[in-house]
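We name chains A, B, ... by the order of the sequence lines, and we start the count at 1 in each one.
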There are 2 protein chains.
Amino acid sequence: MVKRSSHRTSGCPVARPLDAIGDGWSLLIVRDAFAGLRRFGEFQKNLGLARNILAARLRHLVEHGILAAVPAPDGGAYQEYVLTEKGRGLFHLLVALRQWGEEFCFERDEPQVQLRDRLHRLPVRRLELCSHDGRLLGPDDVVVAPTPDRRAP
Amino acid sequence: MVKRSSHRTSGCPVARPLDAIGDGWSLLIVRDAFAGLRRFGEFQKNLGLARNILAARLRHLVEHGILAAVPAPDGGAYQEYVLTEKGRGLFHLLVALRQWGEEFCFERDEPQVQLRDRLHRLPVRRLELCSHDGRLLGPDDVVVAPTPDRRAP
DNA sequence: CGGATATGGTTTCATTTTACAACCAGATTG
DNA sequence: CAATCTGGTTGTAAAATGAAACCATATCCG
């Protein structure tokens, strides 16, 4: 083998993120971070993965700027892992994963959980992709095209 | 080692999908399937991955009901791989991945592509998560709660 | 103070997965 | 009927994964 293949140099914005979050654990760590978990032990207990793997994943997520290791919130001697702006940007991705899981990965008679609006405690809508003028868009309604030059002047 | 850990039995709808699409290639295959690719050779050439890995991934995606291997569209001797309903359900997930990649995985001066409305060729909006009554929701505006019993009567 | 225990990892080693390359079989082409 | 294209299936080596053992600090408890 030569090395696990990297998508760093791909020009496709679907491919590049997979280096950072394209494994079986990273997104679950991020999910737990959204849920408020911060400490190594909390993640380890909640996810049940091997500690060396968790350490490697946390390091990886920190390197990719998704989590930040902050030194000590309450004067404790250890560090905590908190979501960065980039990490919080994964919210819609997690919601998409969740809604797809809800719809396609459970039998009808299985107990399940759902996302609700914190204010009224009612189920949220499905994610929506809209055109500039507000029409709902599906797979056949979009095309990919070059982004206009964004270089600083 | 015992076996790569599975999330099949997890009750969390974020975790379960990762067995099906939680690796570095599956989502790219699905992306290409959305783009209209169907044949083994097309995927292989476009993705540049090893043929045995592609064969394994395609088999895996078919087993999970994301792709279907249809026998022969034009009387050809080989099969083609097409998205199922479940596979098409991954649209929003791919869009979320794409938008996150666009925003956080490119330098300002890199050439890039974006998603546009096919009708007017204008950039699409960001994905939106809305409450039942249409308010835009962020990470702090939602909670998870048990889904009411959905068993058939 | 001194030992027990909790926390946050790293190390070791066996197993699995990934990747590349070579090979093979059936269909198509010349 | 030989060459070649398509769609795979073997090898084989490197790398990732996972369980358990180990280690270094901190904190608790008597």
Among the nucleotides [options], which one has an atom lying closest to any side-chain atom of [X]?
{"X": "A:R51", "options": "C:dG8, C:dC20, D:dT6", "result": "C:dG8"}
{"X": "A:R39", "options": "D:dG8, C:dA27, C:dG8", "result": "C:dG8"}
{"X": "B:S5", "options": "D:dT25, D:dG18, C:dG9", "result": "D:dG18"}

[atom1] of [X] versus [atom2] of [N]: gap in Å, rounded?
{"X": "B:F43", "N": "D:dT6", "atom1": "CZ", "atom2": "P", "result": "16 Å"}
{"X": "B:K45", "N": "D:dT6", "atom1": "NZ", "atom2": "P", "result": "8 Å"}
{"X": "B:F40", "N": "D:dC5", "atom1": "CZ", "atom2": "C1'", "result": "13 Å"}
{"X": "A:L49", "N": "D:dA20", "atom1": "CG", "atom2": "P", "result": "14 Å"}
{"X": "A:Y78", "N": "C:dT7", "atom1": "OH", "atom2": "C1'", "result": "5 Å"}
{"X": "A:Q44", "N": "D:dA19", "atom1": "CD", "atom2": "P", "result": "10 Å"}
{"X": "A:H7", "N": "C:dT18", "atom1": "NE2", "atom2": "P", "result": "12 Å"}

Would one find a side-chain N or O of A:Q79 under 4.0 angstrom from OP1 or OP2 of C:dG9?
yes
In residues 52-63 of chain B, what residues come within less than 4.0 Å of DNA chain C, judged by heavy atoms?
B:N52, B:I53, B:R57
Taking it one step at a time, do A:R135 and B:D117 satisfy salt bridge (charged side-chain N to carboxylate O under 4.0 Å, His left out)?
CA-CA 9 Å; A:R135 283 169 297 115; B:D117 166 22; 2.5 Å; yes
State plainly whether the residues B:R126 and B:E103 are in salt-bridge range, i.e. N to O under 4.0 Å.
yes
Between A:D23 and A:R57, is the closest basic N to carboxylate O distance under 4.0 Å?
yes
Identify the two heavy atoms, one from B:L47 and one from B:L28, that lie closest to each other, and give their separation to 0.1 Å.
CD2-CB, 3.8 Å
Using a 6.0 Å distance limit plus a 45 degree cone around the ring axis, check whether B:R39 lies over the aromatic ring of B:Y81.
no
What parts of residues 17-29 of chain B reach DNA chain D, counting only heavy atoms under 4.0 Å away?
none
Working to the nearest 0.5 angstrom, can you tell me the gap between B:W100 CH2 and B:L127 CG?
14.5 Å
Evaluate the criterion side chain to side chain contact (heavy atoms under 4.5 Å, CB included) for residue pair B:V124 and A:S131; output intermediate values, then yes/no.
CA-CA 5 Å; B:V124 302; A:S131 66; 5.6 Å; no
A:Y81 near the nucleic acid: base, sugar-phosphate alone, or nothing, with a heavy-atom cut-off under 4.0 Å?
sugar-phosphate
Taking the six-membered ring where the residue is Trp, are the ring centres of B:H60 and B:W25 under 6.0 Å apart?
no
Take atom CZ of A:R8 as the centre, draw a 6.0 Å sphere, and report whether it contains more than 12 heavy atoms from other residues, nucleotides or ligands.
no
